[in-house]
Structure formats: structure tokens, C-alpha cells
2 protein chains.
Amino acid sequence: METIERKPRSREQTRSGIMVTAKTIARREGWQAVSIRKIADAIEYSAPIVYEYFDSKDVLLNEIRNEGFSYLYQEYDRILKLYRDPEKRLYEISLIQWDFAQQQPEIYQVMYSLEGAYCSMPVYQSDIVQAVSDKVSEIICSFIPKSKESIRRLFFEWWSISHGLISMAMMLKDEQSIEMSAQVYRETMRRFVRGLK
Amino acid sequence: METIERKPRSREQTRSGIMVTAKTIARREGWQAVSIRKIADAIEYSAPIVYEYFDSKDVLLNEIRNEGFSYLYQEYDRILKLYRDPEKRLYEISLIQWDFAQQQPEIYQVMYSLEGAYCSMPVYQSDIVQAVSDKVSEIICSFIPKSKESIRRLFFEWWSISHGLISMAMMLKDEQSIEMSAQVYRETMRRFVRGLK
DNA sequence: CAGGTGATTTAACACCGTTAACTAACGACC
DNA sequence: GGTCGTTAGTTAACGGTGTTAAATCACCTG
């Protein structure tokens, strides 16, 4: 039997409200300013309510991280349906990575524990991260089928180069124009993709 | 009559003791476990004493970060005296970056605000970071003299690729052998250096 | 009406960074 | 000797954190 909704919000609404609020505060004031009490205030509840939805702050951050990887997974899928050429595919996926980091920096930060957005759970223990890795690895493999080991190395290299340029651009955003960083990113990723064949 | 059990230490000794202790705790338990009180306990003083030496925790972390960049500066200098070939120079400097991150991960973390080692002060405002940047830029310039803008882009690219591989290797250290990461690092940096001429 | 049940809050604990107020020891001067 | 100022070091406190146990309140059922 469905209970009557006293509050105009369903359980799922409240849950996602907590996540949205956390991200909003993080975007405005940085992750280190995100506290359970501040989130509770914003959603007009008391602090312990947050623990009805998330076992700890750590799992809340982990959920947001997974949300980020999940979004990337979707977008990668979209690209795979749009293009057939492996070169085009990998390059477009690289661009998605960049755009994502620009448009939702607070999520990107929590995904890689950047700028005080600490999440103790290791990334690789998440299924969605594994799925994203597999998807990209597959594209690299479709380039030139190589040994599993080689594919793994190339994926590691692609991921690292992309992440390195993105995180460094974030770090230097106040002294180096985003447009210049974006140019270097595009050139570098294009060169990497070309170098694969 | 109870005597003072605390060893008489000079001001400079105490100061560096604080920094060493902070790094030791960070190495053992991670940066998020480093607190002023814990440091004070370890050096057998009360918490406010730490503030006699550092205005805030932020300043303390910034000092440790600068110490890290200062070490790199020294090592880069050593390389410049050892080799004349620009290609060799840049490659060796890349290797120093890697070794440093492996041997003193806690310092590397605070240098780039990784893994909860948050330091609010922006890196580029530090003179020593500027000096390190200039040194590497000079080497890149000695390769093929190009426009200031091009040098800047190449330095940004070198720094990002190196940092990307290092931070990703750190992140995946429990599921991907360091030796494999090191191999990819060496190959990638070698390829980058070769590509410059 | 009484009782139970689930949602929600209050109060508390043990920490955190940071600062003000206090104490104990020491040397200088009268 | 006694009084002062200085200094090193402490304790105690403030407002904040994540987290949990206990208390409260609104509602449905018997």
C-alpha cells in the first residue's frame, strides 16, 4: 500500500535533490565547502535525513562520481552510433571528455579526487568505470587488433594524456586561456589518434 | 622535581620537524588524516605552537608544495650540467618527474591537490613554480627556437602528458603494475621528445 | 481513545582549524 | 629580597565537521 505523501517530494526526488544540491554547492564554492549540514539546509531537512539516503558523505560523493562516468558511457554510445571510422570515433570521444570537464567541472573533480573533492572509494572498483574502459578499449582494438596487453597500454596512454591535459588546463585556467588549452588538447588528441594506425 | 623532558630544539629544527611530521602522517595515513593536533602531538607540543611557525594549515601545505618544486628545480639543474643534448635533457627531466612522484608521492599529491591533499593557494602564484616552468621552457626552446607562444604550448603539453601519466598511474597503482605504467611513461615521453625535432 | 509505526528533529560525540586568555619561568632593575 | 616585563607554552573556548542515539511528532489502526 502506497503511503500518502505528506511532503510534496517523493523519495527519489529527495535523493536526487541531495545530489543536485551537493553539486550546486561544489560548483559555487568548491568541494571543500560541501557539508552534510549545508546540503540539509538547502533541501530544508535536518542533517540526519541525508543519512536516510546515503550511508555516508563518501558514498554520496561516489554516487556523483558514478553518475559522471555513466553520463560519459551514454555519450560514448551515442558517438559509436554516429560514426563508423575508428579514428573519428576515438577523436570524438576525446572531445566529449573535454566538453564534459568544461561544462561540469565539479563532477570531473569528484571523479578524479581533484581540488579537495576527496572520495576514498577507488575508481576501478566501480562497474560503470569498467564498462567505460571496455568501451574505449574496444574502439582502440577496432583500430588495429593487437594483444590484450597492448590494448590495455594504449587505453592507459589515451586516458592519461586526455586527463593530464584536462586537469592541467583546469589548474591553470586563470593564467592560460581556455581556448588555447582547448587547441592544444584537440591537436594532441588528434595526433595521438593518427599515431595509432 | 620534574625536569623538562622535551629536548631543546632550535626554532629551525622545530619548524622543519613540523613539515617532516606532516609528510610522515600523510605518507602513512593519507593527507586527509593530517591534522594540526596530530602534528603537535608527534612533535610533543600543543596545537597552538604550530601557529607560531605557520600562519595556517594552508600555508604549511603550500610550504611543503614549494619544497617539492624546489627539489625538482635542483634536480633539473643537475641534469642540465650533466647533458648537453636537448633531447637527452628533456627525457632525463621527464624521468626525474616520474621518480620523484614514486619516491615521494605525498609531496606530489600536495603539489597538485590530489587525493584530498587540498591546498587553496594556486600553484602558479609561486615563484619557484615559475622558475621550474622557465627552466623546462628553455630546454624546449633550445630544441628548435620557436615563437614564445609555441614554446608555451609545447611546455603545457609536456607538463600535462607527464602529469597525466603519473597521476593516472598513482590512481591505478593497485590494479596495474607500476612497472607497466613506468614502461608506458618512458615510451610516451621518449616519443614526445623525439617528436619535437 | 490507546497504541504502534514511521518520519523527522534534537542532542550529543569526537573530531577539526583557529584564537584568546592564562600560567610559569626567567632576567633586569630598585 | 621583591617587583616588573618578556617570553614560551599551556588550557579553554568558538564555530565548524561527519555521524549516531535518543526523543518527538503525525499519522493509521485496533
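In what follows, chains carry the letters A, B, and so on, assigned in the order in which the sequence lines appear, proteins first and then strands, with residues in each chain numbered from 1.
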In plain terms, say whether B:E179 and B:R186 are close enough for a salt bridge, that is, a side-chain N and a carboxylate O under 4.0 Å apart.
yes

Criterion side-chain contact (heavy atoms from CB on, under 4.5 Å) on A:R153 and A:E157, from CA distance to verdict
CA-CA 6 Å; A:R153 282 168 191 258; A:E157 199 181 321; 6.0 Å; no

Nucleotide C:dA7, atom C1' - distance to CD1 of A:I43 in whole Å
14 Å

Can you name the one residue among A:L154, A:D85, A:I140 that meets side-chain contact (heavy atoms from CB on, under 4.5 Å) with A:L90?
A:I140

Nearest-Å distance, CG (B:D41) to P (D:dT10)?
11 Å

Base-contact (B) and sugar-phosphate-only (S) positions in nucleotides 13-18 of chain C, heavy-atom cut-off under 4.0 Å, - elsewhere:
---BBB

Are OP1 or OP2 of D:dT10 and a side-chain N or O of B:Y45 less than 4.0 angstrom apart?
no

Does a salt bridge link B:K23 with B:E67, judged by any charged N lying under 4.0 Å from a carboxylate O?
yes

Just checking, any donor-acceptor pair under 3.5 angstrom between side chains of A:Q97 and A:Y76?
yes

Residues B:S162 and B:W98: side-chain donor-acceptor under 3.5 angstrom:
no

Ring centres under 6.0 Å, that's the criterion: do A:Y108 and A:Y112 meet it?
yes

Output the rounded distance in Å from CZ (B:F54) to P (C:dT19).
15 Å

Between protein and nucleic acid, restricted to nucleotides 4-6 of chain C and to nitrogen or oxygen atoms under 3.5 Å apart, what atom pairs and distances do you find?
none

Without hydrogens or angle criteria, can the side chains of B:S113 and A:E115 be said to hold a donor-acceptor pair below 3.5 Å?
no

Looking for any heavy atom pair under 4.0 Å, which part of the strands does B:E52 touch: base, sugar-phosphate only, or nothing?
nothing

Rounded off to whole Å, could you give me the CD1-to-P distance for the A:I25 and D:dT17 pair?
10 Å

For B:I49 and D:dT11, give me the distance from atom CD1 to atom P, rounded to whole Å.
11 Å

